[in-house]
Number of protein chains: 2
Amino acid sequence: MSKDTAAQSKANQATIAYRLLKQDIIKGIHQPGDKLLMSHLKESYDIGAGPMREALSQLVADRLVTAISQRGFRVAEMSLEELTDIYDARAHLEALITELAVERGDDSWEATVLGEAHKLSRVNEVNSPEEMLEVWDSRHKSFHNAIANGCSSVKLLELRMSLLDQAERYRQLWLRQTVFSQSALEGKRQEHSDLVDALLDRDKARAKQLMYEHILSPIPVIRNLLP
Amino acid sequence: MSKDTAAQSKANQATIAYRLLKQDIIKGIHQPGDKLLMSHLKESYDIGAGPMREALSQLVADRLVTAISQRGFRVAEMSLEELTDIYDARAHLEALITELAVERGDDSWEATVLGEAHKLSRVNEVNSPEEMLEVWDSRHKSFHNAIANGCSSVKLLELRMSLLDQAERYRQLWLRQTVFSQSALEGKRQEHSDLVDALLDRDKARAKQLMYEHILSPIPVIRNLLP
DNA sequence: AATTATAAAAATGTAGATATTTTTAAATAA
DNA sequence: TTATTTAAAAATATCTACATTTTTATAATT
């Protein structure tokens, strides 16, 4: 039995519900502002009220869901204000982490970053557009994770993940626009290439600045798509 | 009826359990590594298993508790490695937030910082040592919160709070040593005064550097007290 | 000693009971 | 009529008590 299958089978109902709900909120199956009715959730996920509550209050901590005592749960709203706030925080945090990664990253970090950059630049021979989207997004994330890991700070990486989760619904809006536009994709390719250059040159200030701008760049696109 | 009492009376069992448990873990009533037995918790807090699980899994997200599926919950261990990691992250994040506060803070921010600094410098006419501890800690937190609020980033402030919560058990070790030592207290007074000067001078680089060092300064004290 | 069987303890989940909020409809007042 | 209040009903959230599953401890067996 694979490790993954073992983990899945061991996971309790609350964990299963948490994963499914989170995915469905990110995918937009549950829209911002939607009421998350316990009776519906119980039925559609086939999970009891207890574990479901447990999952929901975790998502409240993740800021993907809001709760009012005795009045249940709703999918958290999306707004231009939140978009700006999340991306401002992400840009500053990611810039900080990049700076630390340049200071602290070793040879093996450099190697991994270079490897992930290469994989990302070679997203070509794919079948469907949907697969393209998935593969590019996955490799793009791996590339950025590889850079960030160089900072060697467990806690900063956890904070980074928390912001990424909160940004994910906004990112989804940007992703389609970017991956399906040859020129946008080429722009990203250039940004990534410049970034890698700065990292390998150990040019702290330049890497920090490039990362800051790279993170903020999707904002105009997302702003236009925001409902 | 006061707002607080109303909030208390409206809060559900899970929220009550979360608050009580968190306090008791920070106070050390539940020690690092302790098993959090559902039957004991149910009895001592007089709260059912469902809400108690909900509270526990929130504390897992807060990193104050660890969970193993089907094997229950334990108070998270404390370690020198975690101390170093948390304080490294805190110092960098707080320095970043301070820098932004100097950039973004307005007149009313300056006024609040100055006011809180004044209150903190006047913790004197108190009755018991225990009260002294409580009052100083409370005002010290308010002072630092006032500075941080200047950054105007909801998300960065949330990340800051998350790290503060994780640092709280370590901070408690340092607090007694500092508040009950006249020389240590004088040292802090000086650091705070320098910090305020840099803030009001809008000296970004200096404020950032002072804050970075201020956050890291408790580490040697805590290291010696760590069990 | 190592392995297996058994019993006890504990975690987790379910179903139904209870409490709260929301909706609906009727009654009252402007 | 229109708006407001009130009371009852329905919908919903939450909790409790119990049932089930899993783990852990103990004893028995090889």
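Every chain is numbered from 1 and lettered A, B, ... according to where its sequence line falls, protein lines coming before strand lines.
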Quickly work out the [X] [atom1] to [N] [atom2] distance and round it to whole Å.
X: D34(B); N: dA10(C); atom1: CG; atom2: P; result: 15 Å
X: F73(A); N: dT21(C); atom1: CZ; atom2: P; result: 15 Å
X: N12(B); N: dA19(C); atom1: CG; atom2: C1'; result: 13 Å
X: I68(A); N: dT14(D); atom1: CD1; atom2: C1'; result: 16 Å
X: Y18(A); N: dT12(C); atom1: OH; atom2: C1'; result: 20 Å
X: M38(A); N: dA15(C); atom1: CE; atom2: P; result: 15 Å

Discussion item. Going by salt bridge (charged side-chain N to carboxylate O under 4.0 Å, His left out), name the pairs with one or both residues in residues 66-83 of chain A, residues two or more places apart or in two chains.
Written reply: E82(A)-K155(B)
Worksheet item: Quick check: does any side chain N or O of E116(A) sit under 3.5 Å from a backbone N or O of V113(A), one acting as donor and the other as acceptor?
Response: no
Worksheet item: Do the side-chain N and O atoms of D62(B) and S162(B) include a donor-acceptor pair separated by under 3.5 angstrom?
Response: no
Practice prompt. Mind jotting down which residue pairs meet the ring-ring contact (aromatic ring centres under 6.0 Å, His included) criterion with at least one end in residues 50-101 of chain B? Sequence neighbours excluded, please.
Written response: H92(B)-Y212(B)
Worksheet item: Any idea how H192(B) and H214(B) line up, ring-wise: parallel (<30°), tilted (30 to 60°), or perpendicular (>60°)?
Response: perpendicular
Practice prompt. Identify, with sequence neighbours excluded, every residue that meets ring pair (Phe, Tyr, Trp, His ring centres under 6.0 Å) alongside Y18(A).
Written response: none
Fill in: Pairs where residues 215-225 of chain A contributes a residue and the test side-chain hydrogen bond (donor to acceptor under 3.5 Å, both in side chains) is met, not counting sequence neighbours
K188(A)-S217(A)
Practice prompt. Enumerate the residues from residues 52-67 of chain B whose closest heavy atom to DNA chain D is under 4.0 Å, giving them by residue number; use none for an empty result.
Written response: none
Worksheet entry | Sugar-phosphate or base contact per nucleotide [nucleotides 16-23 of chain D; S, B, -; heavy atom under 4.0 Å] | B-----SS
Worksheet item: Should the heavy atoms of other residues, nucleotides or ligands under 6.0 Å from CD of Q23(A) be counted, would the total exceed 12?
Response: yes
